[in-house]
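Read through the structure below, which is laid out as structure tokens, and then see the notes.
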Amino acid sequence: MSNNYPKTLQLHIDGEWIDVGDREIHHVVNPATGKTISDLPKATTADLDRALDAAAKAFPKWRDTPVGERAAVLHKAADLMRERAADIGELMTAEQGKPLPQAIGEVTASASQFDIMAEEAKRCYGRVLVRPTGQNSFVKYQPVGPVAAFSPWNFPVFTPIRKLAPAIAAGCSIILKPAEETPASAIEMMRCLQDAGLPSGVCQIVFGDPSEVSSHLIASDVIRKVSFTGSVPVGKHLMKLAADGMKRTTMELGGHAPVLVFDDCDMEKTLDLVVTGKFRNAGQVCVSPTRFYVQSGIYEKFEKAFTERAIKISVGDGFGGVDMGPLANPRRPEAVGAMVADAKSKGAEVRLGGGGQSDNGFFFDPTVLSHVPLDAKIMNDEPFGPVAVMRPFDTLDEAIEQANRLPLGLAAYAFTENLRTANLVGDAIEAGMVAINNLTVSPGDAPFGGVKESGHGSEDGPDGLKAYMVTKAIHQA
Ligand code: NAD
């Protein structure tokens with residue numbers, strides 16, 4: 001593993017890096033070994049109040065900074081991220097477990113988010129409504145104000161950047177609480193922003209007890225917008241807190257992505273994509289392809305070929321050149337193992353894996369479950385782990401009904417060479433993103449977000465920028 005992981009970490013408030021001092025500590029653990037690698041300070045109430053104060057003071061100045069200057073800071077931060085991608089990637093692998101190339105790839109993809117939002121902000125055009133009477137109406141977009149954002153541990157840099165980049169580009173100030181499990185890579189992202197010239201107070205990074213931090217920040221009059229990525233229950237809780245102050249929210253919550261595999265698909269191409277996609281980041285991805293509904297004519301052939309490929313996925317420490325690392329924390333193998341056991345007890349057939357890999361670290365085998373009954377927990381709750389669940393279907397209508405049967409709707413996938421099927425599926429699936437004959441639902445410049453209990457509001461692209469702006473109409477005689 002990397003020796004570069006700092007022994008102690010810091011908060012970042014009003015341009016200042018703040019050490020542990022006499023603050024409470026969260027131990028950061030390497031999920032490949034289960035060992036503590038660093039100490040992270042938890043913000044005190046005074047720290048949070050200082051962060052709120054700094055965000056309140058910085059907001060009007062940053063809002064009034066010309067968009068070209070804001071964009072230049074973001075472009076410079078993007079360049080620094082790319083320069084430092086190898087180092088930041090090492091920190092990410094040490095704290096999160098994903099294979100090093102995936103970690104480095106996440107950092108460079110994140111840098112592009114800074115670039116994209118820098119350019120989107122320049123093109124955030126308003127409208128002029130020219131009245132026959134000579135009275136004009138102007139529609140303008142203005143930054144919403146200071147933001148509180150909360151991001152999880154599965155993508156320690158990409159998820160925070162989805163919130164930071166549009167907020168900063170729009171002219172907002174922001175307080176970000178990344179996941180306590182994966183702090184160092186997010187801290188280094190902050191350092192890129194600071195080194196790129198972001199003024200003090202525009203962005204603060206705090207850690208602590210998630211519930212205490214979120215309730216304190218969201219209750220403050222300073223905060224005008226809340227953005228969260230994580231689980232459905234926590235998202236609902238934060239929305240209730242935000243409702244008290246009528247604060248805007250963006251909620252990117254769980255998914256349980258259906259994959260409809262029709263018997264006219266290009267089987268080899270489909271398998272190449274979905275096997276790699278399923279086990280990327282050990283399946284801890286909100287858009288991970290998970291519920292495989294495969295048309296009866298090819299079910300057995302597909303399931304067998306999928307399993308033959310999945311068996312070759314190498315598992316181990318993310319620094320060891322493997323395909324798949326450990327799960328990110330001890331909660332995951334426990335939760336995934338319980339779901340697999342429940343499915344087996346209800347009649348699912350285990351084609352591959354089904355258990356943990358070692359006593360050290362939080363590993364779980366690549367797992368394939370076949371003929372999984374609909375009442376199994378894993379067919380209803382997101383496994384968030386390296387498990388593919390499969391069921392056969394006969395007709396297009398049945399496939400769509402199965403895809404839509406859950407209260408979730410983030411990503412969905414379909415594989416077919418029939419254009420009519422592709423068009424029908426694209427329209428009929430209840431999901432924020434549908435990818436047909438590919439798995440790309442997060443290109444960075446297109447809206448990313450869910451429907452139903454998967455949340456609301458889009459991230460990325462022009463829609464992601466507007467999420468940090470309010471619309472104002474000015475009627476001038
Ligand atoms: P969790 O629900 O406790 O936490 C999810 C995330 O929310 C974590 O990052 C956590 O720090 C944060 N969080 C928890 N309570 C919070 C609060 N009161 N205020 C602010 N932030 C809070 O669960 P977990 O064990 O970390 O993950 C379990 C499930 O969460 C997964 O199975 C998955 O379904 C979901 N999840 C989704 C995503 C995603 O990308 N949408 C990411 C991580 C986890």
> Can the positive tip of Lys225 be found less than 6.0 Å from the middle of the six-membered ring of Tyr468, inside 45° of the ring normal?
Replying inline: yes

>> Quick one about Ser200 and Asp14 (side-chain donor to acceptor, distance below 3.5 Å, no hydrogens or angles considered), yes or no?
In response: no

> Considering all heavy atoms of both residues, which atom of His75 and which atom of Glu119 are nearest to each other, and what is their separation?
Replying inline: NE2-OE2, 2.6 Å

> In Å, rounded to the nearest 0.5 Å, how long is the span from CD of Glu181 to CD of Glu95?
Replying inline: 10.0 Å

> Does one side chain, of Ser288 or Arg280, offer a donor that lies under 3.5 Å from an acceptor on the other?
Replying inline: no

>> Both conditions, 6.0 Å and 45 degrees, for the charged tip of Arg162 above the ring of Phe448: are they met here?
In response: yes

>> For Phe393 and Phe262, take the angle between the two ring planes, folded into 0 to 90°, and tell me which bin it lands in: parallel under 30, tilted 30 to 60, perpendicular over 60.
In response: perpendicular

> Does NZ or CZ of Arg332 lie under 6.0 Å from the centre of the six-membered ring of Trp153, at an angle within 45° of the ring axis?
Replying inline: no

>> Under a 3.5 Å cutoff, is there a donor and acceptor pairing between the side chains of Asn136 and Gln476?
In response: no

> With a cut-off of 6.0 Å (strictly less than), are more than 12 heavy atoms of other residues, nucleotides or ligands near CG of Asp64?
Replying inline: yes

>> Would you say Thr290 and Lys278 are linked by a side-chain donor-acceptor pair, where the criterion is simply a distance under 3.5 Å?
In response: yes

> So how far is it from Asn438 CG to Phe415 CZ, rounded to the nearest 0.5 Å?
Replying inline: 7.0 Å

>> Run the side chain to side chain contact (heavy atoms under 4.5 Å, CB included) test on Val287 and Met433 for me, step by step, so that the C-alpha distance in whole Å, both residues' side-chain angles and the decisive distance to 0.1 Å come before the verdict.
In response: CA-CA 9 Å; Val287 295; Met433 289 94 57; 3.9 Å; yes

> Going by atom types alone, do Thr471 and Lys140 pair a side-chain donor with an acceptor below 3.5 Å?
Replying inline: no

> Do the ring centers of Tyr125 and Tyr141 come within less than 6.0 Å of each other?
Replying inline: no

> In terms of the angle between their ring planes, are Phe306 and Phe302 parallel, tilted or perpendicular, with boundaries placed at 30° and 60°?
Replying inline: tilted

